[in-house]
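So the structure is just underneath, and the comments pick up after that.
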Amino acid sequence: MLKIIGASFLCIVLFSCSKETKKEESKIDFCSKIHQKEGGQIQKYLEGFSEKMKNQTAAYVLEDGGGSLVTRAWFTENSEKSIDIQYFIFSTDNVGLIACDYLIRAADRGVKVRLLVDDMMVDSELEDILSMEAHPNIEIKIYNPGVNLGKNIFKKIGKFVSDYRNANLRMHNKTFIVDKKVAITGGRNIADEYFDYDHEYNFRDRDILLIGKSVSQINDSFVQFWESELSVPVSKLSADKIQYKGDAYEKLHQYACNPDNFWPQVRKELNEFPATFQKIIQSEAIVWSDNVRFVSDMPGKNEGKNGLEGGGQSTKELIGLINGAKTSIDINTPYLITTELGKSVFRNAVKRGVKVRILTNSMSSTDNAEAFSGYQRDRVELLRTGIEIYEFKPDAAERFKVMTGALQKKMNFTPIFGLHAKSMVIDGHIAVVGTFNLDPRSANLNTECFALVDSEKLSEGILKNMNEDFQTGNSWKITPNFNPDKEVNLAKRLKVKSRRVVPKSIL
């Protein structure tokens with residue numbers, strides 16, 4: 001990525017005094033100027049359809065970044081009992097810091113917060129994480145530790161050299177669960193660039209909000225990961241113990257209350273969200289269905305008897321969906337690296353008369369030179385299967401529609417726009433929204449998850465946005481004789497070319 005701080009909890013820096021605050025600013029009590037709500041009213045907003053939730057699931061697609069951010073914040077603010085969070089990246093940029101503030105405020109109200117983050121991307125000292133976990137209502141676990149936290153560079157390298165496969169078994173699941181009644185899953189991690197707040201690079205992404213019956217499946221998956229031996233309490237990774245102090249998080253609270261960091265127009269959207277939520281519930285965009293499933297890999301992915309291969313439940317499900325397609329397959333994937341099996345699956349679908357369209361990143365929009373090099377090597381051969389390939393433009397016209405973060409409304413320029421959505425629509429009625437990239441790493445190493453909704457109505461909404469993605473103002477159509485690689489400067493072209501030494505099997 002162009003900008004990854006990683007699953008870092010350096011947010012604790014703000015309230016452990018390792019970051020100096022200007023004297024004149026420290027005298028201002030920003031929070032006193034903001035009416036702090038008591039929160040904890042989720043049942044009030046759900047009671048109108050509590051009976052319906054027992055047998056059906058409401059599904060609503062979160063296309064724009066600003067809306068997805070506000071939705072998470074509002075449900076956190078109104079949580080009553082529990083918040084369970086599982087992410088690959090939880091960054092300590094502006095969005096991450098304010099997310100920490102919201103979680104701590106919920107914990108202060110008595111809400112039990114459990115946070116599970118993959119070790120690979122953590123860029124923080126153990127002391128910082130332990131400071132947050134010191135809160136009596138917050139528990140933090142690290143998935144598959146040993147490659148990052150508490151390790152020096154030599155131990156990290158040693159882990160990859162001596163135990164390469166296990167070092168690469170990462171948790172890519174992304175779930176946000178409130179009171180076991182409401183959940184969000186999809187492509188977004190917790191960082192500025194997933195919610196349109198980065199100054200240089202932002203993602204076109206997609207999440208799905210689920211309310212009701214199928215949330216229990218997501219909760220069961222979270223518990224399975226939480227209780228796995230691969231998920232280790234952060235307290236066990238250090239001999240240091242940090243005692244909880246009631247005012248320990250005041251600097252963080254002041255940071256989040258400061259209008260320079262948490263813009264007033266966002267708070268206004270939050271205050272108006274109850275009305276927005278009612279409009280969503282009553283709109284045609286939300287779908288109530290008894291045919292919603294949550295699919296997730298098991299912790300550890302697979303038994304690993306075939307080297308770096310082995311697949312998982314998510315891989316099997318997606319292959320089954322493609323093999324069962326009758327008319328059309330439409331896909332968004334930021335990374336497109338296919339094996340012989342993958343090309344065969346698509347080739348057979350085309351032979352059956354299925355129209356297959358895939359949108360992925362161009363060299364100019366990608367955040368991952370290694371992944372693009374893997375795709376670039378196979379691009380022409382992949383086209384020979386008969387599928388249609390489109391590459392996303394870094395200045396896609398639709399960015400003005402789906403980039404709704406408050407920062408974008410103020411800036412006089414627009415950052416690079418890259419694709420990060422991982423979605424699929426089969427035959428116009430089966431929608432898949434989740435974390436799975438079309439690459440060997442998602443297929444064989446990373447644990448992945450997605451919501452599967454069999455609904456023509458919901459699929460129609462996603463397809464409408466996908467069709468917009470495929471338009472010439474947003475993407476290039478690739479042919480054996482045309483690709484837009486030349487649109488990129490020489491330095492990036494050479495960077496991508498140099499990554500060809502990396503085997504595709506680990507991309």
Side-chain angles (χ1 to χ4, degrees), residues 9-17 19-45 64-81 83 85 90-111 113 115 131-132 135-138 176 178-179 182 190-192 194-197 244-278 404-411:
F9 289 90
L10 284 173
C11 53
I12 310 306
V13 166
L14 287 169
F15 42 85
S16 64
C17 302
K19 182 176 181 180
E20 292 295 329
T21 305
K22 294 179 181 178
K23 290 183 180 179
E24 61 271 20
E25 188 177 273
S26 64
K27 296 178 182 178
I28 303 174
D29 184 356
F30 293 106
C31 294
S32 67
K33 300 177 181 180
I34 298 173
H35 175 65
Q36 298 292 344
K37 297 179 180 178
E38 293 183 3
Q41 302 183 68
I42 192 170
Q43 184 56 40
K44 168 187 171 183
Y45 294 104
D64 65 295
S68 193
L69 175 69
V70 170
T71 301
R72 282 172 168 84
W74 186 77
F75 277 110
T76 300
E77 192 174 60
N78 283 282
S79 57
E80 295 179 353
K81 298 177 181 178
I83 302 174
I85 301 174
F90 197 121
S91 186
T92 55
D93 51 19
N94 196 54
V95 164
L97 291 172
I98 292 171
C100 287
D101 175 68
Y102 264 65
L103 292 174
I104 290 168
R105 287 188 181 279
D108 285 343
R109 292 189 285 103
V111 175
V113 177
L115 180 58
S131 296
M132 187 168 181
H135 195 293
N137 287 327
I138 297 177
F176 168 86
V178 176
D179 288 354
V182 176
I190 303 301
D192 283 356
Y194 298 94
F195 300 96
D196 314 331
Y197 279 87
Y244 169 72
K245 296 180 181 179
D247 61 350
Y249 312 111
E250 183 58 27
K251 285 185 179 292
L252 177 66
H253 294 329
Q254 291 299 328
Y255 177 92
C257 290
N258 187 334
D260 289 341
N261 304 317
F262 196 151
W263 292 7
Q265 54 265 52
V266 180
R267 290 198 183 277
K268 184 174 183 292
E269 288 179 27
L270 272 168
N271 291 335
E272 295 173 350
F273 195 82
T276 302
F277 183 64
Q278 290 303 317
T404 60
L407 174 66
Q408 307 308 322
K409 299 172 184 176
K410 290 283 186 180
M411 294 173 67

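All residue numbers in this chain count up from 1 along the given sequence. The figures here come from the full heavy-atom set of this structure, side chains too, leaving out hydrogens, waters and symmetry mates.
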Rounded to the nearest 0.5 Å, how far apart are [atom1] of [X] and [atom2] of [Y]?
X: Asn137; Y: Ile104; atom1: CG; atom2: CD1; value: 11.5 Å
X: Lys245; Y: Glu250; atom1: NZ; atom2: CD; value: 14.5 Å
X: Lys268; Y: Trp263; atom1: NZ; atom2: CH2; value: 16.0 Å
X: Asp260; Y: Tyr255; atom1: CG; atom2: OH; value: 9.5 Å
X: Asn271; Y: Thr276; atom1: CG; atom2: OG1; value: 10.5 Å
X: Ser131; Y: Leu252; atom1: OG; atom2: CG; value: 11.5 Å

If every non-hydrogen atom of [X] is compared with every non-hydrogen atom of [Y], which pair is closest and at what distance?
X: Phe195; Y: Gly65; result: CD2-O, 3.4 Å
X: Gly66; Y: Asp196; result: N-OD2, 3.6 Å
X: Gly67; Y: Thr71; result: O-OG1, 2.7 Å
X: Gly96; Y: Phe90; result: O-CE2, 3.7 Å
X: Ala256; Y: Phe262; result: O-CB, 2.9 Å

Could you check Phe176 against Val182 for side chain to side chain contact (heavy atoms under 4.5 Å, CB included), going step by step and ending with a plain yes or no? CA-CA 8 Å; Phe176 168 86; Val182 176; 5.9 Å; no

Sort out for me which residue in Glu269, Glu272, Arg267 forms a side-chain contact (heavy atoms from CB on, under 4.5 Å) with Val70. Glu269

Measure from the side-chain N and O atoms of Asp93 to the backbone N and O of Asp192, and report whether any donor-acceptor pair falls under 3.5 Å.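 It does hold such a pair.
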
Determine whether a donor-acceptor pair (N or O, by modelled atom type, separation under 3.5 Å) exists between the side chain of Gln254 and the backbone of Phe30. yes

Do the ring planes of Phe75 and Phe277 sit parallel (below 30°), tilted (30 to 60°) or perpendicular (above 60°)?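 Because their plane-to-plane angle is over 60°, the rings of Phe75 and Phe277 count as perpendicular.
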
Residues Phe273, Asn78; criterion side chain to side chain contact (heavy atoms under 4.5 Å, CB included); working and verdict: CA-CA 11 Å; Phe273 195 82; Asn78 283 282; over 6 Å; no

Does any part of the side chain of Lys33, heavy atoms only, come nearer than 4.5 Å to the side chain of Ile28, both counted from C-beta? yes

Salt bridge (Lys or Arg N to Asp or Glu O under 4.0 Å) partners of Lys44, counting only residues at least two apart: none

Can Ile85 and Leu103 be said to form a side chain to side chain contact (heavy atoms under 4.5 Å, CB included), step by step? CA-CA 10 Å; Ile85 301 174; Leu103 292 174; 3.5 Å; yes

Is there a donor-acceptor contact under 3.5 Å linking the side chains of Thr76 and Arg105?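 Note: Thr76 and Arg105 side chains miss the donor-acceptor criterion.
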
Between Ile190 and Arg72, is the side chain to side chain contact (heavy atoms under 4.5 Å, CB included) condition met? List the steps. CA-CA 10 Å; Ile190 303 301; Arg72 282 172 168 84; 4.2 Å; yes

Contacts of Asp179 that satisfy side chain to side chain donor-acceptor pair (under 3.5 Å) - sequence neighbours left out: none

